[in-house]
Amino acid sequence: MPGLTTFPPFPDDVPTHPLLVVDYELIKAGDQGETEKLWEAATQLGFWYLKNHGVDAEAQALLEVGRKALTLPLDEKLKYELGDEGGSFGIKAAGTQAIDAKGTRDTTEFLNISQDDALAWPEVIHRTYPDVVIAHMTSTIRPFIEKSLAVNDTLLAVLNSKLGLPRGTLASFHKPEDPSSSLSRCIRAPPCAPNEKLFIPAHTDYGSLTFLHNRTGGLQVLPPGATQWYYVKPIPGLAICNVGDALNIFSGGILRSNIHRVVPPPGEQAALERWSVGFFTRPSDSAILRAISDKSALIAEAAAKGDPGKYQSGANAKEWVMRRTGGLRYNNYKDPGRWNNIWKGTEDTPNPEAMTA
Ligand SMILES: O=C(O)CCC(=O)C(=O)O
Ligand SMILES: [Fe+2]
């Protein structure tokens with residue numbers, strides 16, 4: 001069982017980037033110093049560790065369900081495949097994404113369960129899932145999603161206040177009753193074949209906040225101004241959180257949606273199958289992705305300094321996610337130039353894979 005595996009250690013001789021450690025208990029208690037730490041992390045690198053979040057057991061349980069679903073026979077998994085239209089929910093089969101400008105197929109699998117489906121179950125809002133997922137909807141999936149949602153909502157409220165927005169502004173773009181592409185995800189990547197270089201290509205996250213539980217290494221960030229990738233070391237009990245495109249745009253660029261990718265785990269960990277789980281908070285489908293300049297002088301000032309098009313995307317959150325998800329699909333791949341552009345996020349650094357392609 002993945003959760004019971006004793007992992008070979010994460011090597012100490014690979015380039016690793018430190019992240020600030022934010023204490024969720026202190027954030028909930030309104031601690032000023034911790035709030036400042038979260039703000040620094042969210043505006044500088046856009047990534048941080050979160051401790052005392054209380055979701056470890058639920059994350060582990062979701063991983064076990066993900067393991068059951070992603071080890072079903074292929075024909076069973078394909079019944080729930082995401083499809084090429086840019087849909088977010090269901091199973092992403094291996095080989096369905098183009099992971100570089102040359103159109104190389106990926107090897108990872110995802111189980112993506114919609115927040116809306118989990119909260120409304122047994123009502124179906126977006127789609128159905130394999131029986132093994134349904135069987136654990138109330139015992140496992142819903143508790144993971146509810147607790148993760150509470151964590152992300154708490155962080156959003158702190159960021160809302162630091163951005164000088166009227167109370168509840170960011171929350172109004174993330175109402176749980178409005179349909180969204182928010183989801184829980186379980187990722188499986190194979191033990192590293194010798195020529196395997198990339199599991200998930202360099203990207204910014206599509207939504208607002210990501211809350212990730214990693215067992216083995218492989219996640220890498222390209223910090224602002226850096227020319228090389230750095231691993232983010234998985235630390236038991238600490239989640240890895242990051243800002244996505246929607247918050248970058250809402251904040252006029254103040255919050256950083258940093259580029260990252262997933263490569264095979266370093267050192268001896270490469271011999272293991274890689275499993276990770278996460279929760280992705282995304283805005284309501286109909287929320288327009290634009291800087292909220294009319295509600296915060298801070299945001300107005302920041303957005304005015306930036307590229308005007310960037311903070312007036314003209315897209316709503318659903319369109320943004322569909323363009324990015326659909327643009328990566330292998331069946332939609334046409335040529336390197338198109339691959340580089342079609343699924344772009346808010347990154348301010350060129351995609352390093354694009355440069356070498
Ligand atoms: O598995 C990981 O470490 C990160 C996955 C990721 O970046 C994503 O799903 O957006
Ligand atoms: Fe990501």
Side-chain angles (χ1 to χ4, degrees), residues 2 7 10 14 16-17 19 45-50 59-60 62-63 66-67 70 82 86 88-92 94 96-97 99 106-115 148 152 181-192 196 198-223 229-236 238-248 256-266 269-270 272-282 320-321 324-325 327-328 343-347 349 351-353:
F7 299 118
F10 183 88
V14 293
T16 301
H17 201 277
L19 303 185
L45 180 62
F47 273 76
W48 59 95
Y49 290 117
L50 193 69
Q60 184 58 39
L62 174 65
L63 198 147
R67 181 180 172 80
L70 293 176
L82 262 48
S88 292
F89 310 130
I91 289 178
K92 190 200 76 61
T96 57
Q97 288 187 343
I99 53 162
D106 75 334
T107 56
T108 63
E109 293 173 274
F110 297 171
L111 170 68
N112 289 347
I113 304 169
S114 147
Q115 168 184 306
S148 303
N152 278 0
S181 56
S182 296
L183 52 86
S184 70
R185 170 174 295 161
C186 177
I187 304 175
R188 174 197 194 187
C192 180
E196 199 78 67
L198 192 59
F199 285 151
I200 301 182
H203 67 281
T204 54
D205 281 354
Y206 309 170
S208 298
L209 279 178
T210 301
F211 180 38
L212 199 62
H213 306 265
N214 280 3
R215 271 64 189 159
T216 49
L219 175 65
Q220 293 185 320
V221 290
L222 188 69
W229 289 96
Y230 292 84
Y231 287 96
V232 176
K233 181 178 176 169
I235 303 179
L238 298 196
I240 297 165
C241 296
N242 66 280
V243 168
D245 290 346
L247 283 193
N248 175 263
R256 184 171 178 83
S257 176
N258 200 86
I259 195 165
H260 55 286
R261 68 177 186 177
V262 181
V263 298
Q269 292 189 345
L272 303 174
E273 200 166 53
R274 183 180 191 274
W275 291 87
S276 60
V277 293
F279 179 72
F280 297 73
T281 290
R282 293 171 174 172
W320 184 270
V321 168
R324 301 208 56 202
T325 309
L328 259 186
W343 69 288
K344 250 204 172 87
T346 59
E347 57 268 30
T349 38
N351 177 340
E353 277 103 47

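When a ligand or atom number is given, it counts from 1 through the structure's own listing order.
- One finds the CG atom of Asn242 at 12.5 Å from the CD1 atom of Ile259 (value rounded to the nearest 0.5 Å).
- Taking the ring centre of Phe7 as origin, the terminal cationic atom of Arg215 falls outside the region bounded by 6.0 Å and 45° from the ring axis.
- Under a 4.0 angstrom heavy-atom cut-off, Arg274 registers as being in contact with ligand 1.
- Interatomic distance, Phe110 CZ to Ser184 OG, rounded to the nearest 0.5 Å: 12.5 Å.
- Atoms of ligand 1 lying under 4.0 Å from at least one heavy atom of Ile187, given by number and element, are 1 (O), 5 (C), 9 (O).
- Under 4.0 Å from ligand 1, the heavy atoms of Phe280 that appear belong solely to its side chain.
- Heavy-atom contacts of His260 reach the following atoms of ligand 1: 7 (O) (cutoff under 4.0 Å).
- Only one option out of Arg282, Arg324, His203, Lys344 pairs with Asp245 in a side chain to side chain donor-acceptor pair (under 3.5 Å); it is Arg324.
- Between the side chains of Arg274 and Thr108, no donor-acceptor pair is found at a separation under 3.5 Å.
- Atoms CG and CG, from Asn258 and Leu222 in turn, are 7.0 Å apart once rounded to the nearest 0.5 Å.
- Looking at Thr210 against ligand 1, nothing comes within 4.0 Å, counting heavy atoms.
- Contact annotation for Asp205 and ligand 1: only side-chain heavy atoms (C-beta onward) come within less than 4.0 Å of the ligand.
- When Lys92, His203, Arg215 are checked for heavy-atom proximity to atom 10 (O) of ligand 1, His203 turns out nearest.
- Ligand 1 places these atoms under 4.0 Å from at least one heavy atom of Leu212: 2 (C), 3 (O), 4 (C).
- Counting only heavy atoms from C-beta outward, the side chains of Tyr49 and Ile240 approach each other to under 4.5 Å.
- Residue Ser276 approaches ligand 1 through these ligand atoms, each under 4.0 Å from one of its heavy atoms: 1 (O), 2 (C).
- Aromatic rings of Phe47 and His17 (six-membered ring for Trp) have centroids beyond the 6.0 Å cut-off, not under it.
- The name of the N, O or S atom in Asp205 nearest to the Fe ion (ligand 2) is OD1.
- For atom 9 (O) of ligand 1, the closest non-hydrogen atom on the protein side is Arg185 NH1, 2.8 Å.
- By the criterion of a heavy-atom distance under 4.0 Å, neither the backbone nor the side chain of Arg261 is placed next to ligand 1.
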